[in-house]
**Student:** 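For reference, the structure I am asking about is given below.
A note on names: the letters A, B, ... follow the listed sequences, proteins ahead of strands, and every chain is numbered from 1. Just so it is clear, the model here is predicted, and its values are computed rather than measured.
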Amino acid sequence: MSNAPATTPLSPQYDPTSTEANLYREWLDAGIFTADPGSSRRSGGKRESFVIVMPPPNVTAVLHMGHGLNNTVQDVLIRWRRMCGDEALWVPGTDHAGIATQNVVEKQIAAEGQTRFDMGREAFVARTTEFVTETGGTILEQLKAIGSSCDWSRTAYTLSPELSKAVREAFVQLHERGLIYRGHRVIHWCSRCLTSLSDEEAEHSEETGALYHVSYPLTNGSGSITIATTRPETMLADVAVAVHPDDDRYKHLIGKTLTLPIANVEIPIIADLEGVDPAFGTGAVKITPAHDANDFEMGTRHKLPMPVILSPEGTMANGVDAGSRVPAELLGADRFEARERVVQMLKHLGALVKIDPHTHAVRHCYRCDTVVEPRLSDQWFVKMKPLAEPALQAVRDRKIRILPERWEAVYINWLEGIRDWNISRQLWWGHRIPVWYCDACAHVTVSRDDIVNCPKCGGQARQDEDVLDTWFSSWLWPFSTLGWPDKGSVDLKAFYPTDDLVTAPEILFFWVARMVMGGFAFMDEAPFHTVYLHGTVRDMKHVKMSKSLGNGIDPLDVINLFGTDALRYTVIAGLGMGADVMLDPTDLEKSFAPGRNFVTKLWNIGRFLLANVGEETVQPLSAISVDRLRRSDRWILNCLNEAIRECDAALGPARPRDGVWTETELKSGLRLSEYTEAARRFVWNDLADWYLESTKSRLASTGDDRDVARSVLAHCFDAALRLLQPVVPFITDSLWRRLPVAIENRDAFIARAPWPVGNEAFGVEQEFELVRETINAVRQLRADYSLPPGERIRAHLDFGA
RNA sequence: GGGCGAGUAGCUCAGUUGGUUAGAGCGCCUGCCUUACACGCAGGAUGUCGGGGGUUCGAGUCCCUCCUCGCUCACCA
């Protein structure tokens, strides 16, 4: 790449498609996105490190506007810091996305008339591996199309051998510390995915259902108790009815027994202080320990049996401890069908008292939307309270800031009430749990390495069938991608902790909070100091864009139509702090007009400048003494200083000065739309509309004043391009490399050029404002009198006596 | 049900510690193909700043209340 200005004039129209791909290839060939650990101050180098780890898209993902927004934001920050002289590293990668990917492949083989069980585990995993290998690179290739300046040599994948090693290390360490345990309890069960889910994976949604009032007769025939339930089919698994010990309606019945209708089982009436609210329903609660988390607690307290009456598939079945509670005619019925039939049966028995409409929150599987069933089962859990403490403290102490600030309260609230994390999934796609069981001596081995024989008795060891929650690998991402658990890793030393984490609020708990906990648990340090939660891309009706709803915009379509820079500029300029971005999928022309117009404007300023400033090298501004400058020169240089100030204020500071965010710092920075607007205002409203117009006659003349104008013009445009490089990297590079500015040691690429710095040496210029005001007044008069711009004023104006 | 946030021009949003005629982009209206740009230039219109009450010399900006949306958490069967 030559530094010499191109000799061919710029084409009248900027053509993004023919330039972007070539430029990106040049950048990659020159290695300008590759980070050097040796340059990081932490490794004895001279630069601050600035690191962002990309939220890894699902390995099967196809680029959508959400990715477009998320990655453009990260790229703007990385490009900004790179120009500021930091050793900038942006780590890309993909997530194997356990349950999501498994669902996709299961759908594929279902279309072939098969289930994963028909195929067998090994074949299914092989098939899935093949599938992700095929699609795996797509999303990353697409990220290149939007200009992402990632260090592709460090591309990571959560299911790679390296990261799998990290996952095992994390599991074993936590187990050694007593923070991982096997628990027998009620968990959320998805009967379609056939796996347990964590609390976060079972999403609440309000639904209008019914509250069924059912009468349970006393065994001695002296009356009955009416209970209320939203899930009547679960009554077959009832083991008791609980009342409040002080409830006068039921006090005298405590200790007596009821006969459970349909199941015909005798169950006790018990007193429970915590589990019963006498004011709700009838004040009497049926206890179903195997199918309700709350009832499980009560069942445990009172040492009650826990019969299971639902199969993994969600059909009625006499499971563990159920005896013959489920009558033959209901066996095999789907739970919702069973609900209807149980209600009918109760009606026939005269046990159904009434049905009230009732709205309540029902949990759904976050991947397939199936109603989740609470179900008793054995799972692996992580004890979260001890891990949450430092994560809470870090935000309270301002070592980590979360923007917009209101999310801090959400984060703190969640961590304060955190519950243990169910990490085992009954899936096949993922990291298999590193636990082996010995059938001979019942010894349980938790191991970093695969084992074949029981270390205790030498018998055959059998690995746990389950895999880990996909988020169990994600929460290690900021350090597993840098080489952990190898603590001698060069990258880990140079680049951990990272700086900003940029993502959407949806995964604050799934991912962000857990990464903070993971950072402290395994690295004794927060993984980043800033969490930037940006908005969601929505359509004009404020509906989140999604492929299934058909209201999405394909970023690649936009790139083909208007270019990458237009896409990037539009989303960044429209991105208020924490605000959603609204785009119209039915009118791309209109939606991306801000970006397209701006890119065109830049191009035309460049055309004018190159045609009028000429190709001979211009003097650097430092070679021009202040007395040679005109008012307009000093004015535009003032404007530039102001623009740089505004951009800096909107973007920074990049990191807390002393490791802790001060009150002022906390509220500063990451105002990407403000930064973009400040740069736009300078280059368009100040430079193009006023200064450039004012230089036209000077440029047409000859002599010293012409050189001054050429120099100031080139200087200002050069600075403007550098200010804008993070947002619109392609067009700024195209133009910048053609600028006839003499700069020593000038880098071939604007992405590596220094970030502009203000220069106060020219003094403050205020008189030019008078000129502008005068011109404005004249323009207003001309408009008022409808004088066309080209028409000269012949008649003298009579202002009256 | 708990917590949080928002309601400012037709649309999306800025409005810093309360202080002169409330701003930007897009849209709209008028006039211009002025030799960089009509994806442009110049000019212009539009807001009882959600309703009501209060504090103050003065409030979009502080307090109370109500209404409407949104987010988030939640074992009331």
**Student:** Exactly one of E203(A), H204(A), E207(A) should register a side-chain hydrogen bond (donor to acceptor under 3.5 Å, both in side chains) with H364(A). Which one does?
**Tutor:**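 Only match with H364(A) under side-chain hydrogen bond (donor to acceptor under 3.5 Å, both in side chains): E207(A).
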**Student:** From the options V537(A), L575(A), T536(A), select the one residue that forms a side-chain contact (heavy atoms from CB on, under 4.5 Å) with D580(A).
**Tutor:**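 Filter result, single survivor: T536(A).
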**Student:** Between G50(B) and U61(B), how far apart are the two C1' atoms, rounded to whole Å?
**Tutor:**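 So the two C1' atoms sit 16 Å from each other.
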**Student:** From C41(B), A77(B), G25(B), pick the nucleotide closest to the side chain of D277(A)?
**Tutor:**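 So the nucleotide nearest the side chain must be A77(B).
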**Student:** In whole Å, I'd like the distance from the CG atom of L735(A) to the P atom of A36(B).
**Tutor:**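 It works out to 16 Å between those atoms.
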**Student:** Would you classify H360(A) as touching base, sugar-phosphate or nothing, given that sugar-phosphate means primed atoms plus P, OP1 and OP2, and contacts are heavy atoms under 4.0 Å?
**Tutor:**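 H360(A): backbone/sugar contact only, no base atoms under 4.0 Å.
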**Student:** When you get a sec, tell me which of C76(B), A74(B), C41(B) is the closest nucleotide to the side chain of D689(A)?
**Tutor:**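 Taking heavy atoms from C-beta onward, the closest nucleotide is C41(B).
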**Student:** Hey, does the side chain of N413(A) reach the backbone of A409(A) with a donor-acceptor pair shorter than 3.5 angstrom?
**Tutor:**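 No, the answer is negative, given that no donor and acceptor are paired below the 3.5 Å cut-off.
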**Student:** Looking at A77(B), A74(B), C13(B), which one has an atom nearest to any side-chain atom of V276(A)?
**Tutor:**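 Looking only at heavy atoms from C-beta outward on V276(A), the closest nucleotide is A77(B).
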**Student:** For atom P, what is the distance between A59(B) and C69(B), given to the nearest Å?
**Tutor:**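 Per the computed distance, 30 Å lies between those P atoms.
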**Student:** Please work out if G563(A) contacts a base, only the sugar-phosphate, or nothing of the nucleic acid, heavy-atom cut-off 4.0 Å.
**Tutor:**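 The residue G563(A) makes no contact with any strand.
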**Student:** For H188(A), which contact category applies under a 4.0 Å heavy-atom criterion: base, sugar-phosphate, or nothing?
**Tutor:**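 No contact.
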**Student:** At what distance, to the nearest 0.5 angstrom, does OH of Y216(A) lie from CG of L346(A)?
**Tutor:**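 One finds 8.0 Å between OH of Y216(A) and CG of L346(A).
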**Student:** Using the P atom in both, what is the distance from A45(B) to C37(B), to the nearest Å?
**Tutor:**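 A45(B) and C37(B) have their P atoms separated by 29 Å.
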**Student:** Mapping V581(A) and A284(A) onto RNA chain B by nearest heavy atom, which one lands closer to the 5' end?
**Tutor:**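 It is V581(A) whose nearest nucleotide is closer to the 5' end.
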**Student:** What about E693(A): does its side chain form a donor-acceptor pair under 3.5 Å with the base of A36(B)?
**Tutor:**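 Pair found.
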**Student:** For U21(B) and U46(B), measure between their C1' atoms and round to the nearest Å.
**Tutor:**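 Taking atom C1' in both U21(B) and U46(B), they lie 16 Å apart.
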**Student:** Remember a base hit wins even if backbone is also touched, and classify R406(A) as base, sugar-phosphate or nothing at under 4.0 Å, heavy atoms.
**Tutor:**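 Here R406(A) touches the backbone only, sparing every base.
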**Student:** If I take atom CG in residue D295(A) and atom C1' in nucleotide A77(B), what distance separates them, rounded to the nearest angstrom?
**Tutor:**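 Nearest whole value for this atom pair: 7 Å.
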**Student:** Counting just side-chain N and O atoms, does N597(A) come under 4.0 Å of either OP1 or OP2 of G40(B)?
**Tutor:**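 For G40(B), OP1 or OP2 has a side-chain N or O of N597(A) closer than 4.0 Å.
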**Student:** Within the 4.0 Å heavy-atom criterion, would you say A688(A) contacts the bases, only the backbone, or no part of the nucleic acid?
**Tutor:**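 Touches a base.
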**Student:** Can you work out whether I605(A) or R419(A) has the more 5'-proximal nearest nucleotide on RNA chain B?
**Tutor:**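 Nearest nucleotide further toward 5': that of I605(A).
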**Student:** Looking at every strand, decide which applies to R363(A) at a 4.0 Å heavy-atom threshold: base, sugar-phosphate, or nothing.
**Tutor:**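 The answer is sugar-phosphate, as R363(A) gets under 4.0 Å only of primed atoms, P, OP1 or OP2.
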**Student:** Regarding Q13(A), tell me which of base, sugar-phosphate or nothing describes its non-hydrogen contacts under 4.0 Å with the strands shown.
**Tutor:**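 The residue Q13(A) makes base contact.
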**Student:** Show your reasoning for whether side chain to side chain contact (heavy atoms under 4.5 Å, CB included) applies to E297(A) and V186(A).
**Tutor:** CA-CA 9 Å; E297(A) 297 299 324; V186(A) 169; over 6 Å; no
**Student:** Rounded to whole Å, how long is the line connecting atom CG of N685(A) with atom C1' of G40(B)?
**Tutor:**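 My rounded result for the distance is 13 Å.
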**Student:** State the CH2-CD distance between W684(A) and E677(A), to the nearest 0.5 angstrom.
**Tutor:**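 Answer rounded to 0.5 Å: 10.5 Å.
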**Student:** Atom NE2 of H542(A) and atom P of G7(B): how far apart are they, to the nearest Å?
**Tutor:**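 Interatomic distance, NE2 of H542(A) to P of G7(B): 13 Å.
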**Student:** Base, sugar-phosphate, or nothing for L609(A), non-hydrogen atoms under 4.0 angstrom?
**Tutor:**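 No contact.
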**Student:** Hey, does A593(A) reach any base, or is it just sugar-phosphate, or nothing, if we go heavy atoms under 4.0 Å?
**Tutor:**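 Counting heavy atoms under 4.0 Å across all strands, no contact is made by A593(A).
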**Student:** Take atom C1' in G27(B) and the same atom in C13(B), then report the distance between them in whole Å.
**Tutor:**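 Straight-line distance between the two C1' atoms is 14 Å.
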**Student:** Across the strands shown, which category fits A361(A) at heavy-atom distances under 4.0 angstrom: base, sugar-phosphate, nothing?
**Tutor:**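 Counting heavy atoms under 4.0 Å across all strands, the contact made by A361(A) includes a base.
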**Student:** Is E405(A) touching bases, backbone alone, or none of the nucleic acid, heavy atoms closer than 4.0 Å?
**Tutor:**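 No contact.
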**Student:** Between C41(B), A77(B), C26(B), which nucleotide has the shortest distance from any of its atoms to the side chain of P594(A)?
**Tutor:**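 Among the listed nucleotides, the one closest to the side chain of P594(A) is C26(B).
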**Student:** Over how many whole Å does the gap from L692(A) atom CG to A36(B) atom P extend?
**Tutor:**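 Interatomic distance, CG of L692(A) to P of A36(B): 9 Å.
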**Student:** If you go through the side-chain atoms of K601(A), does one of them form a donor-acceptor pair with the base of C37(B) closer than 3.5 Å?
**Tutor:**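 Answer is yes: a donor-acceptor pair is held.
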**Student:** Assign V285(A) to base, sugar-phosphate, or nothing according to its heavy-atom contacts below 4.0 angstrom with the strands shown.
**Tutor:**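 Base, at least one base heavy atom under 4.0 Å.
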**Student:** Which nucleotide, A36(B), G25(B), G40(B), lies nearest any side-chain atom of W684(A)?
**Tutor:**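 The nucleotide sitting nearest to the side chain is G40(B).
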**Student:** Kindly assign one of parallel, tilted or perpendicular to the pair H184(A) and F296(A), based on the angle between their ring planes and the thresholds 30° and 60°.
**Tutor:**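 The rings of H184(A) and F296(A) stand perpendicular, inter-plane angle above 60°.
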**Student:** Checking only heavy atoms, does the side chain of N604(A) share a donor-acceptor pair with the base of C37(B) at less than 3.5 Å?
**Tutor:**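 When only heavy-atom distances are counted, N604(A) does not reach the base of C37(B) through any donor-acceptor pair under 3.5 Å.
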**Student:** Side chain of F509(A), heavy atoms from C-beta onward: which of A74(B), C73(B), G15(B) has the nearest atom to it?
**Tutor:**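 Side chain of F509(A) sits closest to C73(B).
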**Student:** Measuring from the side chain of M540(A) (C-beta onward, heavy atoms only), which nucleotide among C75(B), C11(B), C26(B) has the closest atom?
**Tutor:**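 Of the candidates, C11(B) comes closest.
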**Student:** Counting the atoms with a prime plus P, OP1 and OP2 as sugar-phosphate, which does W407(A) contact under 4.0 Å by heavy atoms, base, sugar-phosphate, or nothing?
**Tutor:**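 Here W407(A) touches the backbone only, sparing every base.
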**Student:** Identify whether any heavy atom of F592(A) sits under 4.0 Å from a base atom; if not, whether one sits that close to sugar-phosphate; answer base, sugar-phosphate or nothing.
**Tutor:**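 It contacts nothing in the nucleic acid.
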**Student:** When rounded to the nearest Å, what value does the distance between P atoms of G23(B) and G43(B) take?
**Tutor:**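 One P to the other, the span is 16 Å.
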**Student:** Please report the distance separating the C1' of U48(B) from the corresponding atom of A42(B), rounded so that it comes out in whole Å.
**Tutor:**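 Between the two C1' atoms, the distance is 32 Å.
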**Student:** Roughly how far apart, to the nearest Å, are C57(B) and G18(B) at atom P?
**Tutor:**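 Approximately 15 Å lies between the P atom of C57(B) and that of G18(B).
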